[in-house]
Number of protein chains: 2
Amino acid sequence: MPAVDTPQPSPRCGEDAADAPAPRLDTRFLESLIGYNARRAALAIIGHVLQRLAPFGLRVVDFSVLTVIAHNPGITSRQVCAALDILPPNLVGLVRALERRGWVEKRGHPTDRRAQGLYVTPQGAEVQAQAQAQVGALETSDVTHLDAGERATLIRLLRKIYLGPDA
Amino acid sequence: MPAVDTPQPSPRCGEDAADAPAPRLDTRFLESLIGYNARRAALAIIGHVLQRLAPFGLRVVDFSVLTVIAHNPGITSRQVCAALDILPPNLVGLVRALERRGWVEKRGHPTDRRAQGLYVTPQGAEVQAQAQAQVGALETSDVTHLDAGERATLIRLLRKIYLGPDA
DNA sequence: TATTGTTATACTCTATAACTATA
DNA sequence: TATAGTTATAGAGTATAACAATA
């Protein structure tokens with residue numbers, strides 16, 4: 001096996017002699033893995049989402065929680081946790097922050113006095129709608145480098161992975 | 001908008017009256033996002049990888065570092081960091097742990113006395129090879145729910161996302 | 001002056017134990 | 001007894017500042 005970083009004393013001498021010999025690394029195995037590629041793609045996309053949400057002062061989790069509440073009025077904390085794979089103790093602060101900003105409010109649950117229903121306020125609904133529009137626009141923008149057909153195929157295959165063939 | 005979790009007093013009365021009314025949540029928007037699906041798929045796959053690596057006492061990061069070193073003898077710490085997107089201070093402990101287990105060793109760099117070349121020991125190479133075989137076998141196993149063609153398509157689309165059209 | 005490897009440290013994210021009030 | 005929401009806290013993961021040795 002050839003050692004790396006020993007800058008290959010003149011590599012065929014005449015194509016990459018700028019000033020850094022660019023010692024290409026062998027990462028072929030990792031690049032052949034679904035998990036590796038899915039993770040890198042997810043981080044890339046989420047980076048873009050992050051930028052689009054920044055003007056609203058929202059992180060990805062905040063947006064996810066706000067969105068699930070907006071689309072499911074009266075949802076309970078436990079249900080939000082189950083839907084987004086968040087542990088109950090970690091949701092408390094998230095919801096509290098959204099409450100403090102006047103975007104979410106709790107109302108007593110009609111039948112279970114232990115639980116509380118979560119609702120977006122009119123302001124919360126407005127912010128969520130605008131944020132959702134931004135994030136939605138990102139999907140079809142060219143930063144994904146995908147056309148509509150590729151996007152549909154990709155999502156179908158990704159869902160197959162985590163939901164099984166019966167998706 | 002309909003409230004959720006108000007258990008829909010008899011939902012058409014006769015198809016889901018087991019004992020839990022199964023209050024389906026609306027998560028359609030999130031499920032339409034590439035980032036959401038890529039992240040969930042990555043977490044699902046990585047969960048499986050985790051199990052396959054556990055017998056070796058390796059986490060995913062450990063395996064990644066060990067693999068990059070095994071495939072690139074003499075690679076420097078900075079290069080490992082760049083390849084795997086790890087910050088230098090955080091790599092120190094990872095490499096030290098691999099050294100303590102006798103799987104990786106440092107040798108002085110031939111031309112730069114600041115740097116050190118990283119190498120796998122014979123035992124390290126053996127462990128890496130076995131772990132790689134396990135992880136590789138996982139890719140083509142049926143836990144991914146994908147056939148060879150789907151897998152190739154998926155990886156191509158994922159790479160397009162984080163590398164651009166010129167992948 | 002810039003870079004390699006390193007220490008120390010802070011910050012965020014995630015996970016566990018345990019409490020209360022209801023069911 | 002079990003569950004919803006909560007507190008406090010522990011642990012993992014990730015980030016910044018700064019230093020010694022070398023380029």
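Just so it is clear, the structure is predicted and the values come from calculations on it, not from any experiment.
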What is the distance from CZ of B:Arg39 to P of C:dC13, rounded to the nearest Å?
11 Å
A:Lys106 side-chain proximity, nearest of C:dT6, D:dG5, D:dT7:
D:dG5
Passing option when B:Leu157 is tested against A:Ile155, A:Thr144, A:Leu154 for side chain to side chain contact (heavy atoms under 4.5 Å, CB included):
A:Leu154
Donor-acceptor contact present, side-chain B:His145 to main-chain A:Pro165, <3.5 Å
no
Integer-rounded Å distance: D:dA21 C1' and B:His109 NE2:
16 Å
Want to settle it: does B:Asn90 or A:Arg59 sit nearer the 5' end of DNA chain C, counting the closest nucleotide to each?
B:Asn90
Could you state the CD-P distance from B:Gln79 to C:dT3, rounded to the nearest angstrom?
15 Å
Test your reading of the model: is there a side-chain donor-acceptor pair from A:Asp62 to the backbone of A:Leu94, 3.5 Å cut-off?
no
Could you tell me how far apart A:Leu94 (CG) and D:dT6 (P) are, to the nearest whole angstrom?
12 Å
For the pair made of CG in B:Leu43 and C1' in C:dT14, what is the distance, rounded to whole Å?
12 Å
Ignoring hydrogens and geometry beyond distance, is the side chain of A:Arg114 in donor-acceptor contact with the base of D:dT3 at under 3.5 Å?
yes
Looking at D:dA4, does its base get a donor-acceptor pair with the side chain of A:Asp112 below 3.5 Å?
no
Rounded off to whole Å, could you give me the CZ-to-P distance for the B:Arg107 and C:dG5 pair?
16 Å
Separation of D:dA12 atom P from B:Ile86 atom CD1, nearest Å, is 17 Å
Please tell me if A:Arg113 has a side-chain N or O lying less than 4.0 Å from either OP1 or OP2 of C:dA21.
no
Could you check whether B:Arg78 gets within reach of a base, just the sugar-phosphate, or nothing at all, counting any heavy atom under 4.0 Å?
base
Separation of atom CZ in B:Arg96 from atom C1' in C:dA8, rounded to whole Å:
12 Å
What's the verdict on side chain to side chain contact (heavy atoms under 4.5 Å, CB included) for B:Gln134 and B:Leu53, showing C-alpha distance, side-chain angles and the deciding distance?
CA-CA 8 Å; B:Gln134 285 296 313; B:Leu53 290 178; 5.8 Å; no
Can you tell me which nucleotide in D:dT7, C:dT4, C:dT14 comes closest to the side chain of B:Ala115?
C:dT4
Donor-acceptor under 3.5 Å (A:Thr121 side chain, A:Gly102 main chain):
yes
